[in-house]
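No hydrogens, no waters, no symmetry mates; every other heavy atom, side chains included, goes into these values. Both counts, for ligands and for their atoms, begin at 1 and track the order of listing. When a residue number appears, it is its place in the shown sequence, counting from 1.
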Amino acid sequence: MTQQASKKTRTRFAPSPTGFIHLGNIRSALYPWAFARATGGIFILRIEDTDVERSSQAAVDVIIEGMRWLGLDYDEGPFYQMQRMDRYKAVLAELQAAGHVYPCYMSVAELDALREQQMAAKEKPRYDGTWRPEPGKTLPPVPAGVQPVLRFKNPQGGSVVWDDKVKGRIEISNDELDDLVIARPDGTPTYNFCVVVDDMDMAITHVIRGDDHVNNTPRQINIFRALGKAVPVYAHLPTVLNEQGEKMSKRNGAKAVTQYAVEGYLPDAMVNYLARLGWSHGDDEIFSREQFLQWFNLDHLGKSAAQFDEAKLRWVNAQHLKATADEKLAELVQPFLTALGVTGWDAARLARGCGLFKDRCSTLVDLAGWLQLLVTGGQASSADVSTHVTEAVRPALAKLAVALGRCEWNKAAIAAAIKQVLVESGLKMPQLAMPVRVLVMGTPQTPSLDAILELMTREDVMARLKID
Ligand code: GLU
């Protein structure tokens with residue numbers, strides 16, 4: 001067994017709470033969560049809130065609520081970077097004591113001038129090492145009254161290599177990396193340094209994150225090495241594009257994850273859909289959470305950007321709705337009914353209603369809409385009324401109202417009453433069923449007549465069948 005395989009997996013999701021988390025972001029939680037669960041490991045939530053101006057508690061709440069809704073449970077955390085500043089400063093001091101860090105007094109104006117000069121010479125802008133101490137080198141005189149930044153002494157020569165689980169082997173020459181600022185003039189550590197300290201302290205074995213961070217990785221690896229720590233395995237996930245093919249972002253209309261709960265999506269369907277946005281298991285499109293966890297590994301992560309497709313999400317949700325037990329759906333649809341003001345269902349009747357309509361629905365909102373029609377009746381279009389509720393069928397409708405007024409109120413008795421009216425009036429089932437559906441539900445497209453009538457009260461049916 002390799003050393004890596006013998007270690008317990010520890011993964012993390014490290015969002016910055018600078019906006020409401022959308023589907024593209026939460027996929028970066030799903031994979032590390034799934035990998036931890038699939039390997040019996042630990043999943044950690046870390047909130048990267050050092051951008052104080054742009055971070056908000058409301059955004060943290062959406063992250064936590066979205067993860068709770070999707071069932072992406074974490075074993076440790078949430079840890080907040082702002083609460084770990086003392087720790088970062090202590091590690092910074094260690095690194096400084098070991099000679100990996102040096103103060104740099106270059107002013108912003110000097111840095112700008114350097115950049116312009118390099119651009120004019122068609123060179124890549126980079127810090128030129130003016131303040132980097134070297135044996136035998138004389139540093140410029142320290143300017144008075146200037147608080148220096150601290151820079152990390154990046155190794156010179158050689159390269160940083162890692163075997164990315166998505167992108168394959170990546171090699172970056174150290175000559176491309178300048179000496180990174182790891183502490184600001186006020187002593188606060190910068191982003192890349194905090195990430196390394198956290199990943200080190202949290203003993204992260206696998207960093208699974210968006211590929212917008214791939215440029216940070218060689219710098220982070222060099223800091224790990226300077227600290228004498230093992231470097232985690234990296235997997236950089238390709239971007240999620242929106243339906244227009246742009247990078248998904250709240251600026252171009254991406255919805256907060258929690259909005260999908262409001263729109264009646266099922267957590268397992270979302271997990272299924274998100275899983276397929278960048279990972280595959282053969283041709284399987286519909287799978288349960290358990291199957292996903294059984295199958296998930298880092299070997300089948302996709303290399304190209306995935307594109308969000310709402311129609312497909314609805315289809316996936318419809319498949320999960322259909323596969324969900326009626327009793328479970330009854331629980332899930334309850335809040336949607338309450339929101340519509342439709343109350344007072346007994347659990348068994350609600351479950352039967354769910355069973356009857358679930359095949360016709362893409363979301364819980366659709367399902368609640370159908371169930372509402374049972375209770376309130378529906379407003380039929382005048383076209384449906386004139387097509388189906390004809391003069392010819394009226395006598396039969398009156399007979400049906402009488403028969404339904406007398407029979408027992410269960411599906412078999414209602415079916416028998418309908419049958420009796422058909423025999424007496426010489427009509428075929430659709431000739432009677434269509435007008436009844438239009439009158440009781442407002443639409444000719446419903447499941448079988450006896451099944452829907454049984455779910456209504458006798459009084460409602462009688463009232464809706466009354467025509468003048
Ligand atoms: N905080 C970063 C982000 O929200 C993620 C950093 C990481 O995963 O290393 O994009």
Revision key, fill the gap. Which of D75, T11, D73 passes side chain to side chain donor-acceptor pair (under 3.5 Å) with W33? Answer is D73
Review point. Can you list the residues that meet the salt bridge (charged side-chain N to carboxylate O under 4.0 Å, His left out) rule with D309, with sequence neighbours excluded?
Key: none
Check your understanding: Could a heavy atom of G210 be found less than 4.0 Å from some atom of ligand 1?
Key -> no
Point to revise | Taking atom 5 (C) of ligand 1 as the reference point, the nearest protein heavy atom with its distance | key: A14 O, 3.2 Å
Revision key, fill the gap. Under 4.0 Å between heavy atoms, the region of P15 that gets near ligand 1 turns out to be backbone
Review point. In terms of ring plane angle, is the pair Y31 and F296 parallel, tilted or perpendicular, where the classes change at 30° and 60°?
Key: parallel
**Study point:** Rounded distance [0.5 Å steps], CG in L364 versus CG in L321
**Key:** 5.5 Å
Practice item. Output all residues satisfying salt bridge (charged side-chain N to carboxylate O under 4.0 Å, His left out) with E310, sequence neighbours left out; order by chain, then residue number. Key: K255
Check your understanding: Is there any N or O on R46 that sits under 3.5 Å from an N or O of ligand 1?
Key -> no
Check your understanding: Does R151 make a cation-pi contact with Y127, if we ask for NZ or CZ under 6.0 Å from the ring centre and within 45° of the axis?
Key -> yes
**Study point:** Shortest protein heavy-atom distance from atom 1 (N) of ligand 1, along with the residue and atom involved
**Key:** E48 OE1, 2.5 Å
Check your understanding: Which atoms of ligand 1 have any heavy atom of S16 under 4.0 Å away?
Key -> 1 (N), 2 (C), 3 (C), 4 (O)
Point to revise | Test item, Y191 contacting ligand 1 (heavy atom, 4.0 angstrom) | key: yes
Revision key, fill the gap. closest protein heavy atom to atom 8 (O) of ligand 1 is R12 NH1, 2.7 Å
Revision key, fill the gap. heavy-atom search around atom 10 (O) of ligand 1 in the protein gives H213 NE2, 2.9 Å
Review point. Quick one: does R219's side chain get under 4.5 Å of D178's, heavy atoms only?
Key: yes
